[in-house]
Structure formats: C-alpha cells, structure tokens
*Asks:* 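Can you keep this structure in mind? I'll have questions shortly.
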Amino acid sequence: MAQFEPLIIRVAVPSPLRRTFDYLIPENLGLTLTESSVQPGCRVMVPFGKREVTGLIIELGNNSEFALEKLKPVSQLIDARPLLPEPLFKLFIWAANYYQHPIGDALFSTLPVLLRTGALPPPQGQHCWQLTTHGKGLGADSLKQARRQRALVELLQDQGPAVAEDLILQTFSRAIVKQLEQKQLIEATFVSLPSSPTSNMLKQDHLPLYPSQQAAMDQIDHHGFSSYLLDGVTGSGKTEIYLQSIEKILRYDRQALVLIPEISLTPQTEKRFRDRFNVPMVTLHSGLSDRQRLDAWMQAKTGQAKIVMGTRSAIFTPLKAPGLIILDEEHDQSYKQQEGFRYSARDLAVIRAHQENIPIILGSATPSLESLNNCDNQRYKHLVLNTRAGSAVQPDWRIVDLKAERIESGIAPSTMAAIGTALNNKQQALVFLNRRGFAPAMLCHQCGWSAECNQCDSRLTVHRARHRLICHHCDYQQRIPYQCPSCQSQQLIPVGEGTERSEAFLQQSFPNSKVIRVDRDSTRRKGAMQEVFDTVNSGEPCILVGTQMLAKGHHFANVSLVAVLDADSGLFSPDFRGHERMGQLLTQVAGRSGRGEIRGQVLIQTHQPEHPLLELLMTQGYGNFARQLLSQRQLSQLPPFRHMALIRAESNRADQAESFLRLARQLAEQVCVPSPNLAYLGPLPAMMEKRAGRFRYVLQIDAEQRASLQHLISQLGPQLENHRDSRRLRWSIDIDPQEL
Ligand code: ADP
Ligand code: ZN
Ligand code: ZN
C-alpha cells in the first residue's frame with residue numbers, strides 16, 4: 001500500500017468564496033504528520049491576502065493545483081484536537097455542499113464569536129482556587145498579621161479546592177484572594193463538575209401517560225436513527241412525550257438537543273424542562289454574551305450539559321454523547337435562515353440525527369406539508385395525538401361574515417358582543433391581527449395621494465403613538481405630515497387597521513378592562529413580554545390584541561375567545577405556501593383558547609364565508625385541510641413533489657440584476673437543458689421588486705429529482721462565482737426556498 005504523505009492542508013477561511021485554500025505544513029513546528037494537531041477540524045492561523053486569519057482544516061492532501069513553491073505555510077496551529085466532533089464536522093461539509101454555500105462562511109458564521117478569532121476554548125470545569133505546595137506546607141504561625149488570608153488558607157487546607165465564585169461572592173473578598181495568589185500560596189485551577197447521579201435526575205416525577213400518549217411513546221425506539229413526526233393538537237401532551245423521551249436517554253447518560261422556534265416568546269417551555277430535570281441544562285439564544293455562549297457551547301461539547309436547548313443555530317452545537325434530537329413546532333418558518341447561509345435547521349436536524357445514529361422527534365399541531373409527505377413515503381413515522389390532555393376540549397369555530405355587518409375599526413359588532421360576553425364571564429379574549437402599527441396606509445382625502453416609501457414598492461405604515469410613518473421593509477421613517485405634500489390639504493386619513501388601532505378602539509369600547517397589545521413594537525423593551533405573561537397568568541379578565549407573536553405555543557388557561565380579524569389576507573397570498581401558512585396560523589391562534597376547563601370559541605372574520613378551504617379547515621380540522629393542499633400540490637407539481645432552488649440577485653440598477661440572472665440561466669442550460677425533469681422559470685421580478693433601494697429578481701429552477709437539481713447547482717454555483725459580473729451585485733442561492 002502506498003504511503004499517504006500529506007504535504008498540503010486545505011483550509012476553510014471566513015470568505016465568500018466557494019472553496020478551500022491550500023497551505024503547506026510548516027516544518028519549523030517540529031511536528032510529525034501523525035501528530036494529532038494536523039487533523040481535519042482543527043483551527044489554524046494562516047496568511048490570507050494581507051491579513052492573518054483563523055481557518056479550519058478541512059482535509060489533508062498531497063497535491064495542489066498550484067505550484068508548491070507558491071504556497072505559504074500555516075503560521076500557527078491553534079487546536080491540539082479537532083474543535084468539532086466528527087459527525088458535526090461532516091454535517092457542515094454536507095450542508096455547505098447541499099446549500100451551495102461557502103464552507104468557510106458556513107463554519108465561521110455559526111461558531112461562537114470567541115472561537116472565530118482563534119481564542120482557545122476555556123478550560124473545562126469550574127474555576128477553583130487550591131493551595132500551592134508552598135501553601136499546603138504553611139506553618140500554623142504564619143500570616144498572623146493577616147487574619148482573613150489565614151482563614152482562607154485554613155479553609156482550603158480543610159476542604160481542598162473551592163469554587164472561585166462561591167469563595168468570592170460569599171466569604172472572602174477578591175482582594176484577599178489576590179494577595180494570597182501574589183504570595184504564591186494559592187493558585188487557580190479547574191475542577192470538573194461531578195456528573196449528577198442518575199438516581200435523582202428527576203426533580204418532578206413524570207406524569208402517567210394517557211393511552212394516546214402511551215401508544216405514541218411505545219412506537220419510539222430510543223436506540224439508533226429513526227425520525228418521528230409527533231402530530232398532536234395544541235395541548236394534546238406532546239411536551240410530556242418530549243420530557244419522557246429525554247428521561248429515557250438520560251438514563252443511558254446521553255444528551256438531548258432540543259430546538260424551539262423562539263425562546264423569549266415561550267419562557268414556559270424552557271421552565272417546564274428545568275422544572276422536570278435535575279441535570280445541567282444550557283440554553284442558547286440571542287440574548288447571551290459572547291462569553292456565556294462559548295461557555296454553554298463548551299458545556300455541550302464536553303458532555304457536562306445534559307440538555308441543550310436553543311433556537312435555529314443551536315443545531316450546530318457539538319455534543320459529546322448525543323442521544324436524541326427534539327424539534328418543536330417543526331412547521332415554524334424561523335427554522336429556515338433567510339439570509340447568508342440559508343439552511344433549514346429542521347432538515348439539517350434530520351441529517352444530523354442520521355449521522356449521529358440517534359432518534360429525532362419533530363413535533364407540531366400543524367405539521368408542514370413536507371413532513372406529512374415524508375410520513376407518506378415512510379421516511380418519518382407518523383405519531384398522532386388526537387385529543388387534548390385532561391379535560392380541555394377542542395374549541396368551537398364560527399365564521400363572522402364581514403359582508404353582512406357594519407364594521408368599525410375592523411371589528412364586527414357580533415365580534416364585539418362576544419368579547420363583551422367573555423369579559424362578563426371573567427374570562428380573557430385574544431384578538432389576532434397580523435399587522436402592526438396603527439394603519440397600513442395614509443391617504444389624502446382631497447387628491448388621493450398616498451404615503452409611499454421611496455426605497456421600496458410599498459406604502460408607509462402609520463404609527464400614531466410615535467407620530468411616525470414607517471416602512472416595514474427598510475425601516476425608513478419620517479414624521480407624520482400635517483398636510484398633503486401634493487395638494488396641501490390637511491385631510492390626511494389613516495386607512496385600514498393595524499394592532500395599534502384595534503387596541504385603541506377596544507380600549508375605548510371596554511374602558512373598564514385592561515387591553516394589552518403584543519407585537520414587535522410593544523415588546524421591544526426587555527421584560528415587556530414577561531409582564532404580559534404575568535397579567536395573563538393572573539387570570540384577570542382582559543383583552544389581548546396582537547400579531548403572530550400571540551400564536552406561538554403559549555399556554556393561556558383563561559382565554560376563552562379568540563377573534564381573527566382578517567382571515568382574507570391569508571386566502572389571497574400570491575405564494576404557493578400561502579394557504580398552508582394560513583391554516584397553520586389560524587389553527588395555532590385558535591389553539592390558545594380553551595386550554596383550561598372552559599370550551600373555547602374561535603371567531604373568524606372574513607369576506608369569503610363560503611371559501612372551500614376555510615370551510616374545510618373549520619369543519620374538518622388542520623389534518624384534512626393539509627391532505628387536501630397536499631393533493632393540490634401534487635397535481636400542480638409543486639414542492640414537496642418537486643425540488644426547488646432560487647437564484648436571487650439584487651442591485652441598485654434594475655437591469656443589472658435581471659441580466660445577471662439571464663446569464664445564470666444561459667450557463668445553467670449549458671449544464672442541463674430544460675426538460676420536464678428540470679425546468680427554469682424567469683428571471684422574474686421578486687414579489688416586491690424594489691426594496692431598500694435595490695431591484696430584486698429571481699430565477700426559479702425546479703426538478704423532479706433532487707439529485708439532478710443538486711448536480712446542476714453544484715456546477716452553476718462556482719461558475720457564477722467566477723464570472724466577473726457576479727462581483728457587481730448581490731446574489732445568492734436558496735435551496736428549498738420557503739419564501740418566493
Ligand atoms: P402540547 O405540548 O401538545 O401543547 P402539553 O404537553 O403542554 O401539550 O400538555 C397540555 C397540558 O396537559 C399541560 O398542562 C400538561 O401538563 C398536561 N398533561 C400532558 N400530559 C399529561 C398526562 N399524561 N397527565 C396529566 N396531565 C398531562
Ligand atoms: Zn392631497
Ligand atoms: Zn422601504
């Protein structure tokens with residue numbers, strides 16, 4: 001067998017280029033090649049242009065397309081062992097290929113910030129102080145003049161190493177510790193945490209499962225890879241199944257990775273996990289400091305943290321002994337990153353579970369059509385929970401025909417009456433409108449002028465409390481004008497409804513009840529969401545009015561009425577996923593009602609009371625509604641029955657984006673001629689053609705076989721990247737796009 005003697009290290013660096021860079025293995029480091037530090041997955045410092053950057057070794061090679069004397073040596077090896085465990089490292093490589101995204105950017109945009117700069121991971125374990133040899137031998141009559149220092153030495157002599165934070169926070173000041181360190185009597189050390197014994201890992205006992213839960217649980221094999229779709233209405237007890245599955249794998253001393261859409265919106269979920277288990281748990285979310293994020297990441301990597309909870313990017317957390325992945329609300333759009341590295345955390349979670357050879361549970365009350373289809377073709381096992389846990393029953397849905405009523409501020413009199421009844425019965429009402437601000441447009445009553453954004457194809461939204469007109473697409477802002485800029489008339493009227501207007505109208509109509517608005521504007525302040533939960537959980541009668549922030553997994557026991565003010569916007573979306581999204585959103589909002597003892601009521605305001613899809617959703621529930629949509633998708637050959645990719649381009653010159661995509665199409669057709677198996681559409685203007693001053697175009701490619709699409713894109717990506725026109729504008733590849 002020929003001896004493989006690597007000469008070259010192929011390194012991924014943070015760069016937008018779809019390639020790795022070759023470096024020589026430095027001789028002066030005195031390393032033999034068998035030494036562990038030159039391994040894929042280790043970080044290195046390398047010269048890159050005029051700078052030194054941190055890179056990650058992707059592979060070793062013994063040849064290069066460049067002359068060896070032109071290559072530069074690696075300047076420094078940072079890690080002695082791979083930073084990422086092998087299955088995770090492979091996941092990155094897989095994802096960079098699949099999403100046709102530069103591997104360096106994929107890696108470095110998801111690593112904790114402190115590791116991107118080459119800092120060493122902190123020593124593992126707890127920061128402690130212990131006596132030096134000198135300190136251990138300190139005679140009884142030393143330090144007579146320094147009683148506090150003496151006391152600390154004695155404490156360490158009696159007890160052994162002590163946790164730094166406890167020492168400083170509870171007993172000794174930082175100064176005392178410092179003085180002893182300067183005298184070289186004590187030194188810092190790291191002591192690994194004793195892993196918690198498995199006997200008392202439960203803080204609370206698990207609940208005895210209901211028969212439907214038990215049936216689902218019995219089908220889950222906790223050893224080896226398999227994917228499950230846990231399809232259960234809101235409140236049917238999915239979380240209890242997650243908890244009991246985690247308990248099972250904790251007993252084999254494995255770790256669980258739990259992904260949820262948004263942590264700050266649903267602190268209750270995190271709390272339920274913490275309340276149940278007596279094991280170390282970390283949560284990764286956007287509110288962490290760089291240091292906290294690195295610490296959590298290290299605790300996951302070293303196996304100290306047994307439960308790792310996080311949002312989308314937590315799918316890239318290293319785990320020492322993974323045993324289970326749970327992904328809650330699997331239909332949620334937040335799992336797809338919509339810029340840069342456009343990965344789907346849900347799809348990667350399934351790939352990762354496969355690579356780690358562990359089970360994955362995807363849960364939802366409103367599963368995506370992709371996942372339902374994966375059940376149909378036997379890729380996932382479909383576990384169904386049909387009834388609500390305990391006494392809570394499914395809410396009762398009714399249509400409010402807007403054509404038949406005199407609407408004021410977007411709310412029909414019969415809806416108002418139902419809200420009044422709920423309040424009289426000492427219950428809470430939730431009013432849903434997926435549009436923030438006071439009104440989505442402002443018009444001149446005299447001449448018809450309307451306030452538009454100069455940078456986007458869109459109207460400015462009136463925010464009355466802030467006296468501003470704001471573009472929701474580029475965040476352009478201006479004061480609300482006193483008169484029409486076109487005819488100087490002062491009759492400027494806000495048209496249409498946003499949450500701010502509904503709030504004002506409801507407060508005026510129910511002056512004795514609390515009206516709480518929940519949207520991105522009202523919850524910007526830290527702790528604002530917690531105040532909302534506190535009020536709602538106190539049970540006092542109130543009206544909640546808000547956007548989809550209210551639809552997310554909350555448990556509001558005393559909400560008995562949900563009113564959806566505008567179902568029509570969902571019926572007429574131009575996106576082929578519009579109906580699916582509408583069904584999910586309405587079902588999720590409806591799921592907030594009647595979770596306690598009372599039967600909830602859901603009112604749907606619409607101008608289309610006979611719309612067949614709305615009727616199907618209301619009378620037969622999301623499951624049948626989704627089946628119907630799925631067969632329509634099959635008939636019209638749309639995802640998940642075809643595989644789609646978009647090439648997007650945007651430029652401040654309208655013709656530039658379009659002509660770049662025309663070029664992309666020509667290049668693509670040279671690789672793959674159009675056929676029923678692989679079709680091109682476009683270039684077309686994006687749904688909002690002008691946004692933030694840029695003109696946006698898309699080229700859609702769809703294929704019957706995923707493999708043919710992958711083949712094409714993997715050739716097209718580098719070709720486009722190398723084309724000189726690509727440097728003049730922004731462009732990107734979006735595989736399995738979620739938004740058109
Ligand atoms: P989901 O996650 O599907 O919305 P949950 O797991 O939150 O449902 O369950 C809804 C409610 O029912 C919770 O208050 C939960 O504590 C309770 N519950 C779930 N399973 C059981 C059970 N087996 N026994 C008693 N209560 C249960
Ligand atoms: Zn005017
Ligand atoms: Zn704008």
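Atoms within each ligand, like the ligands themselves, are counted from 1 in listed order.
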*Asks:* Could you check whether R312 pairs with D332 (Lys NZ or Arg NE/NH1/NH2 to Asp/Glu carboxylate O, under 4.0 Å)?
*Replies:* no

*Asks:* Do any of the N/O/S atoms of H445, backbone or side chain, fall under 2.8 Å from the Zn ion (ligand 2)?
*Replies:*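 Here the distance criterion (N, O or S atom, under 2.8 Å) is not met by H445, so no.
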
*Asks:* For R577, is there any backbone N or O sitting under 3.5 Å from a side-chain donor or acceptor partner on E580?
*Replies:*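 Checked: no pair found.
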
*Asks:* Specify side chain, backbone, both or neither for A365, according to which of its non-hydrogen atoms lie closer than 4.0 Å to ligand 1.
*Replies:*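 None of A365 does.
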
*Asks:* Name the residue from Q337, R342, R581 that meets the side-chain contact (heavy atoms from CB on, under 4.5 Å) definition with Q738.
*Replies:* R581

*Asks:* Which of these, K238, Q213, H206, has its nearest heavy atom closest to atom 1 (P) of ligand 1?
*Replies:* K238

*Asks:* What's the SG-the Zn ion (ligand 3)-SG angle here (C456, C453), rounded to 10 degrees?
*Replies:* 110°

*Asks:* For P208 and ligand 1, answer yes if some heavy atom of the residue is under 4.0 Å from a ligand atom, otherwise no.
*Replies:*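 For ligand 1, residue contact (heavy atoms, under 4.0 Å) with P208 is present.
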
*Asks:* Output yes when the distance from some N or O of ligand 1 to some N or O of S236 is under 3.5 Å, and no in every other case.
*Replies:* yes

*Asks:* May I ask you to check whether H473 brings an N, O or S atom to under 2.8 Å from the Zn ion (ligand 3)?
*Replies:*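 Given the 2.8 Å cut-off, H473 does not count as a ligand of the Zn ion (ligand 3).
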
*Asks:* Examine distances only and state if a side-chain atom of D519 and a backbone atom of T547 form a donor-acceptor pair shorter than 3.5 Å.
*Replies:*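 Answer holds: no.
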
*Asks:* Got an N/O contact under 3.5 Å between G237 and ligand 1?
*Replies:*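 By distance alone, the answer is yes.
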
*Asks:* Hey, is the main chain of Q483 close enough, under 3.5 Å, to the side chain of Q488 for a donor-acceptor pair?
*Replies:*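 A pair under 3.5 Å: no.
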
*Asks:* So, D734 and K336, do they make that salt bridge, N to O below 4.0 Å?
*Replies:*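 Yes.
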
*Asks:* Of all the atoms in ligand 1, which lie at a distance below 4.0 Å from a heavy atom belonging to E240?
*Replies:*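 Per the distance check, 6 (O), 20 (N).
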
*Asks:* Looking only at non-hydrogen atoms, which of E329, R272, Q244, Q214 approaches atom 13 (C) of ligand 1 most closely?
*Replies:* R272

*Asks:* Which atoms of ligand 1 have any heavy atom of V233 under 4.0 Å away?
*Replies:* 3 (O)

*Asks:* So that I can tick it off, tell me whether E329 and R346 are bridged by a salt bridge, with the cut-off set at under 4.0 angstrom between side-chain N and carboxylate O.
*Replies:* no

*Asks:* Can I241 be said to touch ligand 1, with heavy atoms closer than 4.0 Å?
*Replies:* no

*Asks:* Going by atom types only, do S569 and R435 share a side-chain donor-acceptor pair under 3.5 Å?
*Replies:*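 The criterion, which ignores hydrogens and geometry beyond distance, is not satisfied for R435 and S569.
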
*Asks:* Indicate, as side chain, backbone, both or neither, the part of L207 found under 4.0 angstrom from ligand 1 when only non-hydrogen atoms are considered.
*Replies:* side chain

*Asks:* Between S573 and D575, is any side-chain donor less than 3.5 angstrom from a side-chain acceptor?
*Replies:*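 Judged by distance alone, the side chains do not pair up.
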
